[in-house]
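Accompanying notes for the structure given below.
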Protein chains: 2
Amino acid sequence: MEKKRNAFEMNIAAIKLMIEQDGLVPGDRIPSERELAERLAISRPSVREALRTLAYLGIIETRHGGGSFLLNRDDHTYIQIIAQFLVTGDSKFEDLAGTLRLLEQSAFNQMTDHTILEEHVGSDAAFRETIISTVKNDLFERIWRQVNAFYQSFGQGELYTRAEREALLKRS
Amino acid sequence: MEKKRNAFEMNIAAIKLMIEQDGLVPGDRIPSERELAERLAISRPSVREALRTLAYLGIIETRHGGGSFLLNRDDHTYIQIIAQFLVTGDSKFEDLAGTLRLLEQSAFNQMTDHTILEEHVGSDAAFRETIISTVKNDLFERIWRQVNAFYQSFGQGELYTRAEREALLKRS
DNA sequence: AGGTGGTAATGGTCAGACCAATTACCCCTT
DNA sequence: AAGGGGTAATTGGTCTGACCATTACCACCT
């Protein structure tokens, strides 16, 4: 008997259920706030609290005067949200570079053919991007991309020098 | 010049900033909705929309009549939220295990002394936890912990068999 | 000092209003 | 009939105020 839960979470679940039952697909418009309030028998402020959360998570997009629309899964931003809260803690900046090195090293080690990196040895960004892309793991890639974005936001330059990149290739 | 952003997201950022500036730590009570509305010069409904989102993400916890409290980072529930939305689609669950393996492999490779792992070879969880802890990188450890929590939420068992763990040690 | 009750503070929810932006529609012109 | 323009309706954005439910606080009584 734990169906109590917060009414707020129930509202989110109800909206998601309604979206599913109505057979809405990404790009479709969901009912207006006033219509949702009526169908769910709750007030518009309550509907808005749920919709704002869904919008923050990237599930939907709201356009002033236009309505709310279901977004594609690729547009979902919860990964960014997680990273945002992960990084804004007391983690030190040098952790960023260290984490990037660890991620890229593990990706590099699992590569079977390193020759495709030779053409990118001149560019730090392309070199590292190529390494990550060979993993063929979407979650891993998104994590790396987020950490890298934070690293870049600090205005840092290259993570490796050209000599380091060449040494990596020579060693393999 | 893209500081426009949604007022809603600015409110969330403002609340997070206020929490930081006030030096609040997990467990502390944050100002009441009415006080927040006054300090941020916005209405209570707007404050609530932001607070409900933070509560849904597990950043804060609200108690009816009691107030809102800052939660521990470990209590954050965005992992469950992601799972909730991700699991309904063509979720690539295997990405989880793959990402964990990559993270732990990179951590393992940069260890200089593998002997401390011998006493934990009997426990998959302790074995992997020990590997990660040797990195001494807070951000890396938090990322791994989140991904691992996500993996555990699927009710999965051991990531490696005992034989695999022993083979790892023997090879080093 | 300990328990107890009342009161204040706080979150939960709602109704209604008004503004801003967009969309839909109808009418007019050509 | 087709196109364009302008107005009305729709929809999200925000606020005010109110009331209830729950909790926290504190003075009071025993």
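In what follows, every chain begins at residue 1, and chains take the letters A, B, ... in the order their sequences are listed. The model shown is predicted, which means the values in this text are computed figures rather than measured ones.
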Checklist entry - What class does the angle between the rings of B:F108 and B:H114 fall in, given that below 30° is parallel, 30 to 60° is tilted and above 60° is perpendicular? => result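 Because their plane-to-plane angle is under 30°, the rings of B:F108 and B:H114 count as parallel.
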Next on the checklist: Less than 4.5 Å apart, side chain to side chain, heavy atoms only: is that true for B:Y151 and B:N148?
Outcome noted: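 Side chain of B:Y151 against side chain of B:N148, heavy atoms only: contact under 4.5 Å found.
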Electrostatic pair [X]:[Y] at N-O distance under 4.0 angstrom:
X      : Y      : result
A:E158 : A:R165 : yes
B:E164 : B:R101 : yes
A:R145 : A:E141 : yes

So, [X] versus [Y]: side-chain donor-acceptor pair below 3.5 Å or not?
X     : Y     : value
A:R52 : B:N6  : no
A:S46 : A:S43 : yes
B:T62 : B:S68 : no

Checklist entry - Roughly how bent is the helix from C:dA1-D:dT30 to C:dT30-D:dA1 end to end, in steps of 10 degrees, with each end axis from five pairs? => result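 That helix gives 10° between its end axes.
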[X] [atom1] - [N] [atom2] separation (whole Å):
X     : N      : atom1 : atom2 : answer
A:E61 : D:dG13 : CD    : P     : 11 Å
B:L40 : D:dT14 : CG    : P     : 13 Å
A:L54 : D:dG12 : CG    : C1'   : 15 Å

Checklist entry - Tell me, for nucleotides 6-16 of chain C in 5' to 3' order, what letter each nucleotide earns: B for a base near a protein heavy atom under 4.0 Å, S for only sugar-phosphate near one, - for neither? => result ----BBBBB--
